**Q** 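Sharing a structure with you now.
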Amino acid sequence: DRSKRVAQLGEVWAQAQIEGNRDLMEMVARKAAAEGVDISSVLRSANRRIRDMNENMFGRNFDEGQLAQWDGVLGE
């Protein structure tokens with residue numbers, strides 16, 4: 001399944017990017033090209049993963065308006 005493969009390659013790319021491993025990122029790009037997987041989809045998947053790692057659970061699941069309602073209760 002193509003979307004599953006994009007997610008797998010995106011996960012590897014994200015980890016490689018975090019670690020600064022350019023060799024692994026190049027290998028993922030070559031693998032995607034060889035398999036006919038759109039590299040821009042892989043990069044979007046990787047960027048989403050990195051963004052999600054950097055946001056806390058509340059930031060991922062609620063918009064700013066919803067968070068503002070709970071600021072006092074959450075102590076943030």
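These figures come from a predicted structure and were not determined experimentally.
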**Q** Please report the closest heavy-atom contact between Ala7 and Ser45, naming both atoms and the distance.
**A** CA-OG, 3.8 Å
**Q** What is the minimum heavy-atom distance between Arg49 and Ala14, and which atoms define it?
**A**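 Closest pair (atom of Arg49, atom of Ala14, distance): CB-CB, 4.2 Å.
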**Q** Does some side-chain heavy atom of Arg5 sit less than 4.5 Å from a side-chain heavy atom of Lys31?
**A**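 Yes, at least one pair of side-chain atoms sits under 4.5 Å.
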**Q** For the pair Glu26 and Arg22, find out whether any cationic side-chain nitrogen is under 4.0 Å from an anionic carboxylate oxygen.
**A**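 A salt bridge is absent here (no side-chain N lies under 4.0 Å from a carboxylate O).
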**Q** If hydrophobic clusters are built from ILVMFWY residues whose side chains come within less than 4.5 Å, do Leu43 and Leu24 share one?
**A** yes
**Q** Indicate yes or no: at least one non-hydrogen side-chain atom of Asn47 is less than 4.5 angstrom from one of Gln17.
**A**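 Asn47 vs Gln17: side chains touch.
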**Q** If two hydrophobic side chains count as joined below 4.5 Å and joins carry through other members, does Leu9 share a cluster with Met27?
**A**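 In one cluster with Leu9: Met27, yes.
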**Q** Verify the distance criterion only: is there a donor paired with an acceptor across the side chains of Gln15 and Glu11 at less than 3.5 Å?
**A**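 Not at all, the side chains of Gln15 and Glu11 share no donor-acceptor pair under 3.5 Å.
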**Q** Can you measure from CD (Glu19) to CE (Met25) and round to the nearest 0.5 angstrom?
**A** 11.0 Å
**Q** So, applying side-chain contact (heavy atoms from CB on, under 4.5 Å) with Val6, which one of Asp38, Asp1, Val37, Ile39 is it?
**A**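 Single side-chain contact (heavy atoms from CB on, under 4.5 Å) partner of Val6 among Asp38, Asp1, Val37, Ile39: Val37.
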